[in-house]
Amino acid sequence: MVAEEIGTTLSQHIIRTQDKFPQASGRFTRVFNELATCGKIISSYVRRAGIVEITGKQGTTNIQGEEQAKLDVIAHNIFMNRILKTGLIAAVSSEESDEIIEAKEEFSRNASYVISTDPLDGSSNIDVNVSVGTIFSLMKRKTPIGERCTKEDFLQPGTAQVAAGYILYGSSTIFTYTSGHGVYCFTLDPTVGEYILSHSKMKIAEAGNIYSVNEGNRKYWDKGDQQLLDYFQGNHADNDKPYTGRYIGSLVADFHRNILKSGIYLYPRATKNGKKDSGKLRLLYEASPLAFIAEQAGGLATDGATRILDIVPTEIHQRVPLYIGSKREVELAGKFGQE
Ligand code: AHM
Ligand code: MG
């Protein structure tokens with residue numbers, strides 16, 4: 001980071017770079033401020049998990065007979081309450097809702113964008129004090145402004161994203177985003193309540209030595225994925241030792257680590273009871289936004305054969321196999337996949 005960037009806040013950064021957001025001249029500042037605030041509120045819940053009752057299953061009641069809300073539901077509600085009132089976002093598609101959720105008429109008159117989000121990814125990790133994250137993806141709507149939004153507004157390939165990002169609730173809370181002009185990461189300084197620029201123009205190394213995957217699923221994978229794992233665990237001409245295995249089981253946390261330390265995260269498709277699935281992760285609000293960030297950081301993301309950003313979705317909750325991270329390892333996964 002150059003000296004003049006030190007101490008830059010997220011809001012300052014957005015204001016300074018807003019002319020780079022296509023066709024939105026200034027209005028993104030409001031959306032990003034709301035996203036940032038959502039992150040602060042969710043972060044405050046996460047930090048108090050165990051004290052406040054957010055770790056139970058939704059539908060269960062506490063000792064006073066009050067219904068407990070799981071944090072992913074709380075995060076979803078926080079997101080909806082803030083984002084749908086910005087006047088710029090016409091509708092949101094969330095992992096926590098089967099259908100898209102539209103802004104009220106008073107907030108959608110001039111709303112030309114939609115957001116797909118996983119408000120709290122990896123939420124099962126909350127119960128055991130492990131990092132979780134929020135993921136978001138911003139696109140221009142396809143239907144005319146003023147009309148009702150439809151699924152079609154969301155069913156656009158990742159290349160149509162205007163901005164994407166994640167908030168990671170880890171040892172610190174960080175906000176990482178791209179608007180197609182590099183990747184910027186801000187760390188929430190709790191003493192001042194602001195996100196401060198901590199990584200400018202993030203880059204992932206072209207080749208890495210970390211693989212990140214749930215190896216317990218190995219027996220369900222295609223042969224190529226099994227061979228890829230064998231490769232990672234064998235010796236290599238370039239460093240004469242196996243790759244390092246690291247799996248948090250929280251996509252945002254695994255992805256963030258791999259950007260900083262390089263390597264690949266993969267969630268292959270599986271065959272169970274003779275039926276091949278399409279992987280676990282969702283295209284619109286997990287794979288696609290992180291693929292946008294990975295590519296902006298110099299990395300790559302595919303479903304094993306096709307670039308994630310080129311996939312045209314057919315369903316808002318569509319799943320895809322995901323291979324994401326350093327170019328060399330993601331390309332390698334593609335080669336093994338063809339065998
Ligand atoms: P979720 O959206 O239900 O939280 O599932 C997504 C999470 C990812 O964060 C993580 O990488 C993956 O599921 C872990 O899955 P598994 O437990 O099968 O390894
Ligand atoms: Mg998720």
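Keep in mind that this is a model prediction, so the values were computed, not measured. Position 1 is the first residue of the sequence, and the numbers go up from there.
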Any residue meeting side-chain contact (heavy atoms from CB on, under 4.5 Å) with [X], in chain and number order, not counting sequence neighbours:
X      : answer
Asp303 : Ala305, Thr306, Ile308, Ile311, Pro321
Asp189 : Thr191, Val192, Ile196
Lys201 : Tyr184
Ser137 : Ser116, Gln161, Pro289

How far apart are the closest heavy atoms of [X] and [Y], and which atoms are they?
X      : Y      : value
Thr187 : Ser172 : CG2-OG, 3.7 Å
Thr176 : Cys185 : OG1-SG, 3.4 Å
Leu322 : Leu281 : CD2-CD1, 3.8 Å
Ile204 : Gly263 : CD1-O, 4.1 Å

Item to check | Within residues 269-281 or reaching into it, pairs that qualify as side chain to side chain donor-acceptor pair (under 3.5 Å) - sequence neighbours excluded | outcome: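 Passing the test, one end in residues 269-281: Asp222-Lys276.
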
Next on the checklist: Can you pull out every side chain to side chain donor-acceptor pair (under 3.5 Å) where at least one residue sits in residues 150-160? Sequence neighbours excluded, please.
Outcome noted: Thr143-Asp153

Are the side chain of [X] and the backbone of [Y] linked by a donor-acceptor contact shorter than 3.5 Å?
X      : Y      : value
Glu34  : Thr86  : no
Ser212 : Arg246 : yes
Gln318 : Thr314 : yes

Item to check | Test log, rule side chain to side chain contact (heavy atoms under 4.5 Å, CB included), inputs Leu229 and Val213 | outcome: CA-CA 9 Å; Leu229 186 66; Val213 67; 4.2 Å; yes

Cluster partners of [X], using ILVMFWY side-chain heavy atoms under 4.5 angstrom, listed by chain and number?
X      : result
Met139 : Ile100, Val114, Phe154, Leu155, Leu284, Tyr285, Ile316
Phe107 : none
Val130 : Val128, Ile248

Next on the checklist: Taking the ring of Phe28 and the ring of Tyr113, is the distance between their centroids below 6.0 Å?
Outcome noted: yes

Side chains of [X] and [Y], donor plus acceptor under 3.5 Å:
X      : Y      : result
His76  : Ser94  : yes
Gln233 : Glu215 : yes
Asn209 : Thr244 : no
Tyr323 : Asp225 : yes
Glu5   : Ser200 : yes
Tyr169 : Thr134 : yes

Item to check | Candidate pair Lys70 and Asp127, rule salt bridge (Lys or Arg N to Asp or Glu O under 4.0 Å), full reasoning | outcome: CA-CA 10 Å; Lys70 274 177 78 182; Asp127 297 3; over 6 Å; no

Next on the checklist: One pair to check against side chain to side chain contact (heavy atoms under 4.5 Å, CB included): Asp72 and Glu95. What are the steps and the verdict?
Outcome noted: CA-CA 9 Å; Asp72 38 17; Glu95 180 172 319; over 6 Å; no

Checklist entry - How long is the span from the CD atom in Glu295 to the CD1 atom in Ile324, to the nearest 0.5 Å? => result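 Rounded to the nearest 0.5 Å, the CD-CD1 separation comes out at 9.0 Å.
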
Next on the checklist: For residues 101-110, which residue pairs pass the salt bridge (Lys or Arg N to Asp or Glu O under 4.0 Å) check, not counting sequence neighbours?
Outcome noted: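 Passing the test, one end in residues 101-110: Glu102-Arg148, Glu105-Arg109.
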
Taking the inter-plane angle between the rings of [X] and [Y] on a 0 to 90° scale, is it parallel (under 30°), tilted (30 to 60°) or perpendicular (over 60°)?
X      : Y      : value
Tyr267 : Tyr265 : tilted
Phe175 : Phe136 : tilted
His256 : Tyr166 : perpendicular

Checklist entry - In chain order, what residues pass the side-chain hydrogen bond (donor to acceptor under 3.5 Å, both in side chains) check against Thr302, with sequence neighbours excluded? => result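 Once residues adjacent in sequence are excluded, Thr302 has no partner under the side-chain hydrogen bond (donor to acceptor under 3.5 Å, both in side chains) criterion.
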
Next on the checklist: Among residues at least two apart in sequence or on other chains, which ones pass ring-ring contact (aromatic ring centres under 6.0 Å, His included) with Phe79?
Outcome noted: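 Per chain and number, Phe79 pairs via ring-ring contact (aromatic ring centres under 6.0 Å, His included) with no residue.
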
Item to check | Evaluation steps, side chain to side chain contact (heavy atoms under 4.5 Å, CB included), between Asn33 and Thr29 | outcome: CA-CA 6 Å; Asn33 281 341; Thr29 312; 3.8 Å; yes

Item to check | From CA spacing to verdict: side chain to side chain contact (heavy atoms under 4.5 Å, CB included), Glu194, Phe186 | outcome: CA-CA 9 Å; Glu194 290 276 8; Phe186 299 79; over 6 Å; no

Next on the checklist: Evaluate Thr173 against Arg47 for side-chain hydrogen bond (donor to acceptor under 3.5 Å, both in side chains), listing each step before the verdict.
Outcome noted: CA-CA 10 Å; Thr173 295; Arg47 302 289 169 227; 2.7 Å; yes

